[in-house]
Asker: 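One structure follows; several queries about it will come next.
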Amino acid sequence: MRIATWNVNSVRARFGRIVDFLERRDIDVLAMQETKCTPAQFPREAFEEAGYELEVVGTNQWNGVAFASRLPIEEVQVGFDGMPGYANTPPESGELPLEARALAVSVEGVRLWSLYVPNGRELGHPHYDYKLRWLDALRADTDAWRRANPDQPLALMGDFNIAPLDIDVWDMSVFEGHTHVSAPERAAFQAFLDDGLTDVVRDRGVEGYTYWDYKAGRFPKNEGMRIDFVLGSSSFADLVVDATIERDERAGDAPSDHVPVVVELDMETSIDDDRPMIF
DNA sequence: ATGTCGACTCCGAGTCGA
C-alpha cells in the first residue's frame, strides 16, 4: 500500500495535477492539507473518476484537510479531543471556532491522520501560542489512542510547520527569531518522537526539503524547508519498505509550494511468513 | 528586488494568510 501526504495549497487550483500524480506514482491513499475550500466546493469528480473516494473537511477558504483513497475508508474522525480553536478577534462568548486542520481515517487497518499544524505567524503572536497548544493536545490525544489501540499501526502525516533540525532549513541565520525553528516548536515536535513515534522517511535516509517559498526564487536556488512529515508508531514503521520526497512536483506549471512525501507499506509481512506453505 | 500565489470581495485592486 502506497500512501502520501501533500500540502496542495488549494485543491481547486491543482486537482488535475494532483490526480495525475496519484495515477503516475501509483498512490493508494493521499492525505491532503490546505485544500482551501468547503466540502461543497471540493472538485470531487476528478478524484472519483480516477477511482478514489474522498473524505473532506473544510469550513472556508483557509486550511482544509482531506483524504483520497482507492481502498475503502473506515473510522472517520474530524479533529481530536481537546483540539483548541482560534479566531483573530475572539467572539464575546469566548467560544473559539475549531479550524479544519485534522482528519483521521483507517485504511486496511492502518490509522492515518491528515494534519495541518497552525503556522504560528510570529513568535509571541496569539497564533504561535495556539500552535503550541494545538500540538500539545494532539500529542495527548495520540497518546490516549495508542494506549487504547496498542497494536494498530498509526501515522501522523502532514504539514507540521516545524523544521526540527538545523539542516531542515537552507540557512539558520535567516530563521533566527522566527517561527518553525524556535526551541518550543522543536520541543513540541520532539515530544512525539519521545512518545515512541518515528520519522519513517528520515529514518530511511531520505534527504531534502519538502517546501520552497514561491517568493524570491527559492526553488531554483534550492532554498527550502523540511516541514512535512510522516510520524509512525513502531507497528507502522515495521511495515515501511520505501519512502520518497517527490521533489519534481515543485517544478512545472502551477505547482504547490510543498511536494508530496510518499511511504510504501508492505501489508503482507507477518510473523507467519517464514512458515512453509502447506497445500 | 518589497522578488509569489490563492481566495476573498464583487469586477479589479486591496486584503489576508502563508
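Bear in mind the structure is a predicted one, so any value in this text is a computation, not a measurement. Chain A is the first sequence line, chain B the second, and so forth, proteins listed ahead of strands; every chain is numbered from 1.
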Asker: Is it the case that the side chains of N9(A) and Y214(A) hold a donor-acceptor pair, with the cut-off being a distance below 3.5 Å and no angle test?
Answerer: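 On atom types as modelled, these side chains qualify, holding a pair under 3.5 Å.
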Asker: Can you check the distance between dA1(B) and dT15(B), where both ends of the measurement are the C1' atom (answer in whole Å)?
Answerer: 22 Å
Asker: Please report the interatomic distance CH2(W212(A)) to CE(M225(A)), rounded to the nearest 0.5 Å.
Answerer: 12.0 Å
Asker: For nucleotides dG14(B) and dG3(B), find the distance between their P atoms and express it as a whole number of Å.
Answerer: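 dG14(B) and dG3(B) have their P atoms separated by 15 Å.
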Asker: Spell out protein contact along nucleotides 6-18 of chain B as letters: B when the base is contacted, S when just the sugar-phosphate is, - when no protein heavy atom is under 4.0 Å; keep the 5' to 3' order.
Answerer: BSS-------BSB
Asker: Could you give the distance separating dT4(B) and dC10(B) at their P atoms, to the nearest angstrom?
Answerer: 27 Å
Asker: Quick check on salt bridge (charged side-chain N to carboxylate O under 4.0 Å, His left out): which of E23(A), E264(A), E246(A), E108(A) does R2(A) satisfy it with?
Answerer: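 In the set E23(A), E264(A), E246(A), E108(A), the residue that makes a salt bridge (charged side-chain N to carboxylate O under 4.0 Å, His left out) with R2(A) is E264(A).
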Asker: Among Y116(A), Y211(A), F67(A), F21(A), which one satisfies ring pair (Phe, Tyr, Trp, His ring centres under 6.0 Å) with W6(A)?
Answerer: F21(A)
Asker: For F175(A) and H180(A), I'd like to know if the aromatic rings sit close, meaning centre-to-centre distance below 6.0 Å.
Answerer: no
Asker: In whole Å, what separates the C1' atom of dC8(B) from that of dG12(B)?
Answerer: 13 Å
Asker: Identify whether the distance between the nearest side-chain nitrogen and carboxylate oxygen of R186(A) and D168(A) falls below 4.0 Å.
Answerer: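 Judged by the 4.0 Å cut-off on N to carboxylate O distance, R186(A) and D168(A) do not form a salt bridge.
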